[in-house]
A.B. asks: 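Quick one: structure below, then a few questions.
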Amino acid sequence: MKQSIFKIVSNKKLADITYEMVLQGDCTDITRPGQFVNIKLDGFFLRRPISVCNSKDDILTIIYKVVGKGTEVMANMTEGEELDILTGLGNGYELSKSGDKPLLIGGGAGVPPMYMLAIELIKKGVTPTVVLGFNKKSEVFYEEEFKALGIKTIVATADGSYGIKGFVTDAIKGLDYTYFYTCGPEMMLKALYDNTTTSGQLSFEARMGCGFGACMGCTCETLYGNKRICKDGPVLEKEEVKWAD
Amino acid sequence: MGRLSVNLSGLVLDNPIIPASGTFGFGYEFAEYYDINILGSISLKGTTKDPRYGNPLPRIAECSSGMLNAVGLQNPGVDKVISEELPKLRKCFSKKAVANVSGFSLEDYVYTCEKMDKQEEVGILEVNISCPNVKHGGMSFGTSAESAAEITRAVKSVTKKPVYMKLSPNVTDIVSIAKACEEAGADGIAMINTLLGMRINLRDKKPILFNKSGGFSGSAIFPVAVSMVYRVYEAINIPIIGMGGVTTAEDVIEMMLAGATAVEVGAANLIEPYACKNIIEGLPAAMDKYKIDSLESIIGGAH
């Protein structure tokens, strides 16, 4: 974990209530895709945990949905403004288990971490297939960015207004894959847990206090014991996940 | 003794800053971020007789200038705390820690305190009779003078180290409870625990926390804590560890002027992992600014 000040390079709307913020600062503690950052905002007590979409040299890209007052403030920030950010939080995805044909499945606000994951897998000589799930066409983002990486990119919308009609579980039917990585709403994670044929890694969300393991505010039970989603997660292996009744 | 040092029931602290229980784990995890030996002491994660998972999620909700938590005393149980957590702490912390103990019956408190009292790493026992986030026990022992005194007596009878009773602000008269603890033999008072609070989600129109209500902490509660410490200081002759919303070096000075001998920093650690370090480093300049030679000399100075 590192605390540092980042400067906003750009902040633009990508889709319905979805924004991309590019920041410049010290990214040296971001070591794996699937990690997150925790952002201090003036006027708010708790920091805002946001997953890393990409990190290269001193440039950090995050994508966030405006879901409350904090993210609303973020959406109104402009180039040159500064943010106090904790970086390098969470365990991130373990790449070595991917096999040669991993499947990356992102749903809504769970799409961003798939981008850096795809880049890192490609660097290792592995070509992933990516499946992106959204509610409707106006919420779709980053399809072109994934395609530009030269990987097969499948988009599904729940209402059928774009791409495959249905959920990501419909979109992955018939695909041939060696392993899966996913991030998205818990209902989607559960559906994938039940409908995937291989092992995989799932990234969970929670209301957090600190984001770095101190407060026990986001502890979940797993088959391998209690884990703090912020510090021991947010990525859990499929084999250890224990679903609430 | 340096100008920052204070004497807490015979335990000399280099400075009065102690991270509050539940905001600093068992200490060693913060050693990744800075040398935790700069701290006066550390109040360890609340420990119970048996392991506890705590409450289901969500356990956290945000408020203006503060937060709610309903963690529910998650901890591995006293035996594992002694066999696994304390040895890890010892590797990176050479000072004495404050053992924070909770229970669900008189026997629980006695059992856990007796065990923690024997640990070399422990300098002071902080008996939490004020946790608002568990259904039985916890706060229910700290809301009447009689039961607070009963727990104090029982714990004192099986321990050798100083016993500080951690009190709840969610009572009609905290002064009478503090006095009852003193009369029952407590060596000091730790105050205040969190205030009961609730937030309701406007989207689903239900409380945000699974536990419905939780403990309100953060800078918003600072004036409440200062007022209670001030009133209790006038009524008792044992030291007070003051806490509740302390965020800056100036807050520490204010809390000590109200009557605290040492000061715990809680929620601030969760927002600023370096909060305690920043406060300790900021104290000399803040003391100079307000013409304070030594912290020990200002305890209760507002009276």
A.B. asks: At a 4.5 Å cut-off on heavy atoms, which part of Ser219(B) comes close to chain A: side chain, backbone, both, or neither?
C.D. replies: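 Both backbone and side chain of Ser219(B) come within 4.5 Å of chain A.
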A.B. asks: What heavy-atom pair brings Cys230(A) and Cys218(A) nearest, and what distance separates the two atoms?
C.D. replies: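 Looking at all heavy atoms of both residues, the closest pair is N-SG, 3.3 Å.
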A.B. asks: Is the shortest side-chain heavy-atom distance between Thr87(A) and Val37(A) below 4.5 Å?
C.D. replies: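 Yes - at least one pair of side-chain heavy atoms lies under 4.5 Å apart.
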A.B. asks: Do Tyr19(A) and Phe141(A) have their ring centres less than 6.0 Å from each other?
C.D. replies: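 Ring centroids of Tyr19(A) and Phe141(A) are no less than 6.0 Å from each other.
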A.B. asks: Under 4.0 Å between a side-chain nitrogen and a carboxylate oxygen: does that hold for Glu94(A) and Arg32(A)?
C.D. replies: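 A salt bridge links Glu94(A) with Arg32(A).
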A.B. asks: Under a 4.5 Å cutoff for heavy-atom pairs, which residue among Gly25(B), Cys63(B), Ser65(B) has the most contacts with chain A?
C.D. replies: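 Answer, by heavy-atom pair count under 4.5 Å with chain A: Ser65(B).
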A.B. asks: Can you tell me which portion of Lys231(A) sits under 4.5 Å from chain B's heavy atoms? Options are side chain, backbone, both or neither.
C.D. replies: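 The side chain, not the backbone.
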A.B. asks: Let me know if Phe26(B) has heavy atoms under 4.5 Å from chain A in its side chain, its backbone, both or neither.
C.D. replies: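 For Phe26(B), no heavy atom lies under 4.5 Å from chain A.
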A.B. asks: Counting only heavy atoms closer than 4.5 Å, note whether Leu57(B) contacts chain A via side chain, backbone, both or neither.
C.D. replies: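 Just its side chain gets close to chain A.
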A.B. asks: Side chain, backbone, both or neither: which part of Pro273(B) has an atom under 4.5 Å from a heavy atom of chain A?
C.D. replies: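 Both backbone and side chain.
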A.B. asks: Using non-hydrogen atoms only, which part of Asp84(A) is less than 4.5 Å away from chain B: side chain, backbone, both, or neither?
C.D. replies: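 Only the side chain of Asp84(A) comes within 4.5 Å of chain B.
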A.B. asks: Can you say whether Glu62(B) sits under 4.5 Å from chain A via the side chain, the backbone, both, or neither, judging by heavy atoms?
C.D. replies: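 For Glu62(B), heavy atoms of backbone and side chain both lie under 4.5 Å from chain A.
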A.B. asks: The test is side-chain hydrogen bond (donor to acceptor under 3.5 Å, both in side chains); show your working for Asp26(A) and Ser4(A) and say whether it passes.
C.D. replies: CA-CA 7 Å; Asp26(A) 184 347; Ser4(A) 47; 5.2 Å; no
A.B. asks: Against chain A, label Tyr53(B) side chain, backbone, both or neither, depending on which of its atoms sit under 4.5 Å from a heavy atom there.
C.D. replies: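 Both parts, backbone and side chain.
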A.B. asks: Apply ring pair (Phe, Tyr, Trp, His ring centres under 6.0 Å) to Phe180(A) and Tyr193(A), showing your working.
C.D. replies: CA-CA 10 Å; Phe180(A) 76 94; Tyr193(A) 178 93; 8.6 Å; no
A.B. asks: Who passes side-chain contact (heavy atoms from CB on, under 4.5 Å) against Ala61(B), sequence neighbours left out?
C.D. replies: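 Here the qualifying residues are Leu68(B), Arg199(B), Ile208(B), Leu209(B).
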A.B. asks: At a 4.5 Å cut-off on heavy atoms, which part of Asn75(B) comes close to chain A: side chain, backbone, both, or neither?
C.D. replies: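 The answer is neither part of Asn75(B).
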